[in-house]
Amino acid sequence: MPNTVILGAQWGDESKGKTTDILAEKADIVARYQGGDNAGHTIIIGQEEFILHLIPSGILRPNTVNVIGNGVVINLETFFVEIDHLRQRGVEVGENLKISSRAHLIMPYHKIMESWDDLGSGLKIGTTSRGIGPTYSDKMNRHAGIRVADLLEFDLFRKKLDFNLEAKDYALSQIGGGIDKHALLEQYYAYSQRLAPHVIDTPEFLNRAMKDGKQILFEGAQGTMLDIDFGTYPYVTSSNTTIGAVCTGLGVGPRAIDEILGVSKAYVTRVGGGPFPTAMPPDLDEHVRQVGKEYGATTRRPRRCGWLDLVALRYATLINGLTCLALTKIDVLDDLDEIYVCVAYQRHGETLTTFPSSLSVLEECEPVYERMSGWKQSLVEVRRYEDLPTNAKNYIAYISEFLDVPIPMISVGPKRDQIVMLNGHVLS
Ligand code: GDP
Ligand code: IMO
Ligand code: MG
């Protein structure tokens, strides 16, 4: 099993959780490197559904160590709730969960600051309201950020908290009725005690593990088109969701990475604001949302659905240097007579084959579609590539050739065993 990065190649919710869980069977370590509890990664085993927000998707595999890197922002309140829920359901969470001392904390005031920023700017990003943006802003600002290591030096934490409450006083008094500092200090002291046994120096741990021949999966959150640099800014999240974040979010060098697996649905979805060039017409949008159960795993908001956008996916392939692709939720298209794929954009009579950086240009783009025949049969029982119907194989081959990337994993349903692995590929 090569050290493999699993990252979203679209606007998030591509099934990174399921993909990670499957590959984690053969991995020693699963490490998250960016994002926070804005993520919602679903894993279905038999009749049981688990939605993980902060804990890496290797937690359901015994013998896998799960690491939360310095690039992740941690809300301790939701973190401990997630741990308690997992334990109540019989999942072991203890020594198998390690947290970077350098990770930054999402504090209760960050959520309030997020509402404040939204009010002030009038920009409808449609965030998950988890305080992600304000936390990463404070990290970059340097004066305000609070790290796990600071929490463990409680006097330092107290000083940093004082600074933040003072600096943010006006906004906090305007929204949400302010913050009870003494209650917060008590709560965070208890958290520090509970957190301490999990805290490690992640670069030391991961680099030592690799020296010892352990295999690592690097689990991304969100997706390439939500990247702070490469996504549809400002309708993005506040972290780098693309390949570089693996190194900066964990403290490993680029040579630690053997394979870069992009995860893409056989169509696209987007939750929150921002342009979405291949949006389906309302009846089809509704059909795909119902069949694919396209409602946010974190916020339950309906996801917008669209045809597969190969202009955007090619862009994601280039930025991340994808070495392979997992194509998921292909079964959701089972009923369709025709399947469209966007191969270029048209704007003012001009054809564009690259993804524009300007939002106003993107908003004027009309997709150019290639139309393909559907397979009109259920794929949910298929387990071998040879058993896929010809039209499904044609669809997969078309995508693979367009992107010049192999597709060794095809997901045909939400459950762990609903997967087709291409024989002979390194990930099989
Ligand atoms: P993630 O954020 O990338 O981990 O993806 P989410 O968990 O937010 O969204 C993926 C959704 O699709 C979840 O509800 C999964 O249970 C479901 N799912 C995953 N793979 C498949 C598949 O191949 N077919 C179908 N029908 N559903 C799937
Ligand atoms: P997973 O890991 C889909 C979207 C939000 C919003 C934008 C900014 O499950 O794929 P934020 O709260 O991050 O500041 O919101 O990003 N978003 C996601 N969309 N899947 C996610 O995570 C997302 N995390 C954030 O809807 O548009
Ligand atoms: Mg999700």
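Remember, it's 1-based here, ligands and their atoms both numbered in the order they're listed. FYI, the numbering just counts along the sequence from 1. All of these numbers come straight from a predicted model, not from anything done at the bench.
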Protein contact to atom 13 (O) of ligand 2 [nearest heavy atom, distance to 0.1 Å]: T237 OG1, 2.6 Å
Under 4.0 Å from one or more heavy atoms of R301, ligand 2 contributes atoms 5 (C), 26 (O)
Distance from atom 7 (O) of ligand 1 to nearest protein heavy atom, with residue and atom: T42 OG1, 2.6 Å
State whether K111 and E114 are salt-bridged, where the test is any N-O pair (Lys NZ or Arg NE/NH1/NH2 against Asp/Glu carboxylate O) under 4.0 Å. no
Looking at ligand 2, would G8 count as a contact under a 4.0 Å heavy-atom criterion? no
N-O pairing of E25 and R416 below 4.0 Å: no
Nearest-contact summary for atom 27 (O) of ligand 2 - protein heavy atom, Å: V271 O, 3.2 Å
Relative to ligand 2, is R270 under 4.0 angstrom through side chain, backbone, both or neither, heavy atoms considered? neither
Using a strict 4.0 Å threshold on nitrogen-to-oxygen distance, state whether D138 and K168 make a salt bridge. yes
Show which atoms of ligand 2 fall inside a sub-4.0 Å distance from at least one heavy-atom site of A221. 2 (O)
Here the gap from L123 atom CG to D118 atom CG, rounded to the nearest 0.5 Å, amounts to 7.5 Å
Identify the residue among F157, F79, F80 that makes a ring pair (Phe, Tyr, Trp, His ring centres under 6.0 Å) with Y191. F80
K293 to ligand 1: N or O pair under 3.5 Å? no
Go through the side-chain N and O atoms of T278 and D309 and say whether any donor and acceptor fall under 3.5 Å apart. no
What part of D13, side chain, backbone, both or neither, has a heavy atom within less than 4.0 angstrom of ligand 2? both
Can you list the ligand 1 atoms lying under 4.0 Å from a non-hydrogen atom of G17? 4 (O)
Can you list the ligand 2 atoms lying under 4.0 Å from a non-hydrogen atom of W11? 3 (C), 19 (N)
Please indicate whether any nitrogen or oxygen in S238 is less than 3.5 Å from any nitrogen or oxygen in ligand 2. no
Report yes if G292 has an N/O atom closer than 3.5 Å to an N/O atom of ligand 1; otherwise report no. no
Within a distance under 2.8 Å of the Mg ion (ligand 3), the protein atoms of type N, O or S are D13 OD1, G40 O
Contact region, I51 to ligand 1, non-hydrogen atoms below 4.0 Å, reads neither
Ligand-side contact atoms (ligand 2) for residue partner K16, heavy atom cut-off under 4.0 Å: 1 (P), 2 (O), 10 (O)
Below the 3.5 angstrom mark, is there an N/O of K329, backbone or side chain, next to an N/O of ligand 1? yes
Numbering the atoms of ligand 2 from 1, which are under 4.0 Å from a heavy atom of A39? 1 (P), 2 (O), 9 (O), 22 (O)
Of the backbone atoms (N, CA, C, O) and the side-chain heavy atoms from C-beta on, which set of H41 has a member under 4.0 Å from an atom of ligand 1: side chain, backbone, both, or neither? both
Check V291 against ligand 1 and report side chain, backbone, both or neither, counting heavy atoms closer than 4.0 Å. neither
How does D331 reach ligand 1, by side chain, by backbone, by both or by neither, if only non-hydrogen atoms under 4.0 Å count? side chain
Tell me the protein heavy atom at minimum distance from atom 12 (O) of ligand 2, and give that distance in Å. T128 OG1, 2.6 Å
Would you check whether Y235 reaches within less than 4.0 Å of ligand 2, judged by its heavy atoms? no
For ligand 2, which atoms sit closer than 4.0 Å to a heavy atom of G40? 1 (P), 9 (O)
Centroid-to-centroid, W11 to Y235, below 6.0 Å? no
Any side-chain donor-acceptor pair under 3.5 Å between T242 and D227? yes
R89 CZ: over 12 foreign heavy atoms closer than 6.0 Å: yes
Any idea which of Q222, R303, E219 brings a heavy atom closest to atom 23 (C) of ligand 2? Q222
For R130, is the nearest heavy atom under 4.0 Å from an atom of ligand 2? no
Closest candidate by heavy atom, reference atom 14 (O) of ligand 2, pool T232, D37, T127, T42: T127
Min over G126, G272, S129 of heavy-atom distance to atom 6 (C) of ligand 2 lands on G126
Distance from atom 4 (C) of ligand 2 to nearest protein heavy atom, with residue and atom: L226 CD1, 3.9 Å
Quick one: does ligand 1 sit under 4.0 Å from the side chain of Q10, the backbone, both or neither, non-hydrogen atoms only? neither
With a heavy-atom distance limit of 4.0 Å, tell me whether V236 approaches ligand 2 through its side chain, its backbone, both, or neither. backbone
